[in-house]
Amino acid sequence: MSERKPLDIFVLEGTVITGPAGSGRMDMFAGRPMTEWITELTNVASIVVGSATAQPSVGCPPCRQSERVDRAPVPPGRDRWLPRKDWVSKLGLPVITSLAARPPDWISQVVMAVATGRAGDLALDEYHRPSTLFTTFTHSGCTRNSFFEYKQSTLEFGQGTRTGCLFYELGCKGPMTHSSCNRILWNRQSSKTRAGHPCLAAPSRTSPPTT
């Protein structure tokens with residue numbers, strides 16, 4: 001933070017806890033709210049990348065407004081769901097978000113691009129995510145698509161890929177969620193639906209996520 005050593009890429013995994021009442025004191029480190037550390041680090045970083053399950057780019061969709069543990073995007077701002085549109089890093093770039101419990105390759109692709117000076121090649125959508133990762137539906141490439149076509153449902157979580165579609169009975173959001181989970185596999189092997197769990201959905205491309 002003193003800038004004696006340059007901070008090239010700052011990657012935050014998870015979401016920023018701002019409660020209670022905006023004090024940030026539900027998440028402390030070395031006697032200070034984590035929100036303060038994050039704000040100061042993002043202010044000196046050349047590039048800021050958000051990643052992981054709690055989705056620092058859009059707050060935390062599983063968290064309801066009634067909860068006392070408030071959350072915010074990175075860097076912390078007023079809008080609970082969206083990255084700050086007025087914020088840019090030292091290199092003049094917005095927060096680049098690779099989002100949410102997805103294959104590690106997604107994160108490594110983003111970090112490799114910015115580390116090699118190709119951040120300008122990343123086309124971002126309205127959530128500051130690399131749009132190439134979110135142009136197709138999770139449904140694309142799902143091994144259960146034949147069951148989907150014939151409306152043959154699986155009835156329990158965790159059932160193998162030969163026992164039916166997860167959509168009709170278990171609420172899979174794969175047919176309506178933009179992601180490449182079944183094209184770029186987790187560790188090049190699997191995905192939620194291949195492991196017998198329905199897609200939980202990423203934010204929609206046109207509106208903030210809902211719970």
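Small disclaimer: the values here were computed from a predicted structure and weren't measured.
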For the student: nearest non-hydrogen atoms of [X] and [Y], plus distance:
X: Ser89; Y: Ser46; result: OG-O, 2.6 Å
X: Thr163; Y: Gln159; result: OG1-CB, 3.2 Å
X: Gly24; Y: Pro33; result: O-CB, 3.5 Å
X: Leu166; Y: Gly196; result: CD2-O, 3.8 Å
X: Leu7; Y: Leu41; result: CD2-O, 3.5 Å

Fill in: Cationic N near anionic O, under 4.0 Å, Glu36 to Arg25
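No salt bridge links Glu36 with Arg25.
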
For a quick check under 3.5 Å, do [X] and [Y] share a side-chain donor-acceptor pair by atom type?
X: Ser191; Y: Asn182; value: yes
X: Ser179; Y: Thr138; value: yes
X: Ser140; Y: Arg183; value: no

Quick check: do [X] and [Y] have side-chain heavy atoms less than 4.5 Å from each other?
X: Thr42; Y: Trp87; result: yes
X: Val95; Y: Val49; result: no
X: Thr154; Y: Cys165; result: no
X: Phe167; Y: Met176; result: yes
X: Glu3; Y: Lys90; result: yes
X: Ile96; Y: Val48; result: no
X: His178; Y: Thr135; result: no
X: Asn145; Y: His139; result: yes

Check the hydrophobic clustering (I, L, V, M, F, W, Y; side-chain heavy atoms under 4.5 Å; chains of links allowed) and say if [X] and [Y] are grouped together.
X: Phe10; Y: Phe29; answer: yes
X: Leu124; Y: Leu93; answer: yes
X: Leu200; Y: Phe157; answer: no
X: Leu185; Y: Phe137; answer: no

Between [atom1] on residue [X] and [atom2] on residue [Y], distance to nearest 0.5 Å:
X: Met1; Y: Glu40; atom1: CE; atom2: CD; result: 5.0 Å
X: Arg32; Y: Asp27; atom1: CZ; atom2: CG; result: 13.0 Å
X: Thr193; Y: Lys173; atom1: OG1; atom2: NZ; result: 14.0 Å
X: Gln152; Y: Ser146; atom1: CD; atom2: OG; result: 7.5 Å
X: Leu133; Y: Cys181; atom1: CG; atom2: SG; result: 9.5 Å

Item to complete: Take the angle between the ring planes of Phe148 and Tyr168 and call it parallel below 30°, perpendicular above 60°, tilted in between.
Response: parallel

Worksheet item: For Met112, does its backbone N or O pair with a side-chain atom of Thr116 as donor and acceptor, under 3.5 Å?
Response: yes

Fill in: Residues, nucleotides or ligands: over 12 heavy atoms within 6.0 Å of Arg194 CZ
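Yes, enclosed.
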
Item to complete: Count the heavy atoms of every other residue, nucleotide or ligand shown that sit under 6.0 Å from CE of Met28, and state whether that count exceeds 12.
Response: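 Yes, CE of Met28 has more than 12 neighbouring heavy atoms, counting only those of other groups under 6.0 Å.
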
Discussion item. One pair to check against salt bridge (Lys or Arg N to Asp or Glu O under 4.0 Å): Glu169 and Lys151. What are the steps and the verdict?
Written reply: CA-CA 10 Å; Glu169 299 294 337; Lys151 296 182 174 57; over 6 Å; no

Practice prompt. Dump the intermediate steps for side-chain contact (heavy atoms from CB on, under 4.5 Å) on Asp8 and Ile47, then the final yes or no.
Written response: CA-CA 6 Å; Asp8 298 314; Ile47 296 163; over 6 Å; no

